[in-house]
Engineer: 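Next up is a structure, given as structure tokens.
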Amino acid sequence: MNTRFLMSAASMAAFLALAGCASSPGESIYVPIGGDAPRAPEPPRTTGEAEQSTVWRKSEQPEASEPAEPSPRSTSPSYRDSGESLSPAALSLIREADNLLAQGDASGAIARLERAQRIAPRSAEVYFKLSEAYVASNNLGAAEQFTLKGLSLAGNDAQLQRAGWLLLADIRRARGNVAGADQAEQRAAAL
């Protein structure tokens, strides 16, 4: 009987201990001495103000730069339609070179024409004259190259192109390139 009594007393003590530990959710298990439990401060919450601060105001946004206006387009093509007109200084040097060539001074004529080339670097006439001077000095390779350069700068000037193709035909024939000379003459005849 004592064992039975001890067993039921132990069960009752365990039940009371469990019932004492149980509390409803949200209630503190500690009861203050003076009465009601003080309310805990509310945790910080995100409010609408915080969300609004992430919105960029127009005054806070960096100013967007206006796209640069496109530069006015030129109606002229990027390539030259005609050769560069010669300045009076370049023309004077070409005349001097012609006189020197007539006297048989090819190197003097080349020196004058190289000065004219520096003055008017995009003039087909200067390159053709340089080609004639190199023919006179028997440097046909340089003469052909200057003629080709002059042809590339002649633009739409048919008379200047024809003169260049005929000059190239003579140079190629002198170098033994008969097929190239015939081709250059055909190009001149087509103009």
Engineer: If you round to the nearest 0.5 Å, how far is CG of L113 from CZ of R118?
Structural biologist: 11.0 Å
Engineer: Counting N and O atoms only, with roles assigned by atom type, does the side chain of Q161 sit under 3.5 Å from a partner on the main chain of G155, one being a donor and the other an acceptor?
Structural biologist: yes
Engineer: I'd like to know if the side chain of Y127 and the backbone of Q145 have a donor-acceptor N/O pair within less than 3.5 Å.
Structural biologist: no
Engineer: Return yes when atom CZ of R162 has more than 12 non-hydrogen atoms of other residues, nucleotides or ligands closer than 6.0 Å, and no otherwise.
Structural biologist: yes
Engineer: For the side chain of S11 and the backbone of M7, is there at least one donor-acceptor N/O pair under 3.5 Å apart?
Structural biologist: yes
Engineer: Checking A143 now: which residues fulfil side-chain contact (heavy atoms from CB on, under 4.5 Å) with it, not counting sequence neighbours?
Structural biologist: S131, Y134, V135, I171
Engineer: Looking at CG of L86 and CD of E125, how far apart are the two atoms once the value is rounded to the nearest 0.5 Å?
Structural biologist: 4.5 Å
Engineer: State which residues pass side-chain contact (heavy atoms from CB on, under 4.5 Å) with A174; sequence neighbours excluded, sorted by chain then number.
Structural biologist: L140
Engineer: For A163, enumerate each residue passing the side-chain contact (heavy atoms from CB on, under 4.5 Å) test, keeping only those at least two apart in sequence or located in another chain.
Structural biologist: none
Engineer: Distance-only criterion, 3.5 Å: show the donor-acceptor pairs between side-chain atoms of residues 183-191 and protein atoms not counting sequence neighbours.
Structural biologist:
{"residue": "E185", "atom": "OE1", "partner": "R173", "partner atom": "NH2", "Å": "3.1"}
{"residue": "E185", "atom": "OE2", "partner": "R173", "partner atom": "NH2", "Å": "2.7"}

Engineer: Can you name the nearest heavy-atom pair linking I119 to S87, along with the distance?
Structural biologist: CG2-OG, 3.3 Å
Engineer: How many angstroms lie between atom CG of L130 and atom CG of N139, to the nearest 0.5 angstrom?
Structural biologist: 11.0 Å
Engineer: Determine whether T147 and W165 make a side-chain contact, defined as any pair of heavy atoms from C-beta on separated by less than 4.5 Å.
Structural biologist: no
Engineer: Which residue pairs pass the salt bridge (charged side-chain N to carboxylate O under 4.0 Å, His left out) test with at least one member in residues 94-107, sequence neighbours excluded?
Structural biologist: E96-R112, D98-K129
Engineer: N177: which residues meet the side-chain contact (heavy atoms from CB on, under 4.5 Å) condition with it, sequence neighbours left out?
Structural biologist: R172, A179
